[in-house]
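Notes for the one structure printed next.
Order of the sequence lines sets the chain letters (A, B, ...), proteins ahead of strands, with each chain counted from 1.
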Number of protein chains: 2
Amino acid sequence: MPASSIRARVRAEMIDEIKAVARRHLATDGANLSLRAVARDMGMVSSAIYRYVPSRDDLLTALILEAYDGLGDAVEAADGSTERHDLRGRWHAVCRAARDWAITHPAEYALLYGSPVPGYAAPEDTVLPAQRPPLTLVGILRDGLADGLLTVPADDLPEPVHADLAELADAFFPGLPTALLARGMAGWTQLFGLISFELFGRLNQTIAHRDGYFDHQVGLMADLIGLPRPE
Amino acid sequence: MPASSIRARVRAEMIDEIKAVARRHLATDGANLSLRAVARDMGMVSSAIYRYVPSRDDLLTALILEAYDGLGDAVEAADGSTERHDLRGRWHAVCRAARDWAITHPAEYALLYGSPVPGYAAPEDTVLPAQRPPLTLVGILRDGLADGLLTVPADDLPEPVHADLAELADAFFPGLPTALLARGMAGWTQLFGLISFELFGRLNQTIAHRDGYFDHQVGLMADLIGLPRPE
DNA sequence: CAAAATAGAGAGCACTGCTCTTGACGAATG
DNA sequence: CATTCGTCAAGAGCAGTGCTCTCTATTTTG
């Protein structure tokens, strides 16, 4: 039935255009984006938007999902195109990819990692895409350990924390020592902090050379983790 | 003229109550707080609020300023009540104080460190209060260096970044080596990341023992900086 | 071709920030 | 003491928001 599929195709294109316009509005208006404004931009009346999008929150959720996917793709691509044994190179590549994505998509980054909207609860489908960047980072440590390129730091974790991390390791990286996982999460936390500080203006009038500062800070975390320096 | 001052006092009390009600609303409604709702809670009509508060953004700015002051007070108090030579103890105390304040004031924390509202530009008076926590942290390093308790790490900063940090050091901590300042800022970035991840739900279903996890991560950064461990 | 599904338009409800006008009250002054 | 004057609160109103409902026109389907 090509008749039905032409309808469906037009409909899908409409939804895509709504998302594109919404993304554009996001850049200027932030999280408080207006369906009416999107409708105006498309030459529609506001109520017609609801034929394609169930609600404003659903539209935001769709944008969030696509943003997570975009960030995850960028991060994993950067990791994949670096030589596996070059742990430090991979670490830097992944961090830079995340930062580059954030700088080119500041509104989406704020949507993902800014303050959560009080009423809004993240749907179940966002939790897995959200884990791709940290999983990529820790994956570098797993590979390094498997290839004998990493020394496992002493495990001085208090017992309950050790148990939490052991459970987390079992779920994603079976056999990964908790002390290493803890350092990987420290690196992920730092990466988020670095990007957020830069994007949210905390470095204004302070750090002019953002690229070099970022690389240096990322390198500090690589030191903390124990990623071997190239000769 | 006591007549005029009784007017002024009642007026000040009104403004204080408006702020208090607004703070309460903040906890449930987040940054999109409604002046009309505040007015309703006070038994006023919405337009009457504008006798005391110029606009919604001004009210938010006032709350932000008070929040920065509260956090700064908590952080500096924790630092001041720890023995000066116990660098690691001070580091942990300051970080814990910041986290405790954030946990007891989650909405205010989100206001300070969440995604910035697109239209809203932070007024000039917020920049100094905002620097109190990082200055307190780096102050620990300055003291440790002055007392000969810290070894200065090798300075492998690229020249432009070194210049940025040198200028920053000159402004607040004359003579502080840039390599140390960079590590201090790494610690501050990590502290922000740790608190944000915990408050914004990124640790849900992952880390159950938040206190121990936080302390361990803070300790990792103390290691990176080179704060001496107690015997 | 008739019936059913769909798209768009318009009106309307409850809410928001904010402005302007009007009436009332208290305080300072002639 | 009586009269201005400044302040306060209230109400109406404007432009905007998310969202729902109804009505009409068009398109797809049986």
So, for A:F200 and B:Y113, is the gap between ring centers shorter than 6.0 Å?
-> no
How large an angle, rounded to 10°, do the end axes of the helix from C:dC1-D:dG30 to C:dG30-D:dC1 enclose when each is built from five base pairs?
-> 10°
Nearest-angstrom distance from the residue atom CG of B:N32 to C1' of D:dG18 | 13 Å
Return the value, rounded to whole Å, for the distance between atom CZ of B:R56 and atom P of C:dC18.
-> 7 Å
Cation-pi check, A:R99 to A:F214: give yes when NZ or CZ is under 6.0 Å from the six-membered ring centre and within 45° of the ring axis, no otherwise.
-> yes
Send over the distance from B:I49 CD1 to C:dG17 P, rounded to a whole Å.
-> 10 Å
Using 4.0 Å as the upper bound for N to carboxylate O, is an ion pair formed by A:E13 and A:R9?
-> yes
Listed partners of A:H209 passing ring-ring contact (aromatic ring centres under 6.0 Å, His included), at least two apart = none
B:R96/B:D211 salt bridge by N-O under 4.0 Å criterion = no
CZ (A:R210) and CG (A:L199) are apart, to the nearest 0.5 Å, by 9.5 Å
Whole-Å gap separating P (C:dC18) and CG (B:L33) | 10 Å
Using atom CG of A:L60 as one end and atom P of D:dG18 as the other, report the distance to the nearest whole Å.
-> 10 Å
What does nucleotides 4-15 of chain C look like as a protein-contact string, B for base, S for sugar-phosphate only, - for none, at under 4.0 angstrom between heavy atoms?
-> ---BBBB-B---
Here the distance between atom P of C:dC18 and atom CG of B:D57, to the nearest Å, is 7 Å
Passing option when B:R90 is tested against B:D79, B:T136, B:T82 for side chain to side chain donor-acceptor pair (under 3.5 Å) | B:D79
How many Å lie between CG on B:L35 and C1' on C:dT19, as a whole number?
-> 14 Å
Taking atom CD of A:E167 as the centre, does the number of heavy atoms from other residues, nucleotides or ligands within less than 6.0 Å exceed 12?
-> no
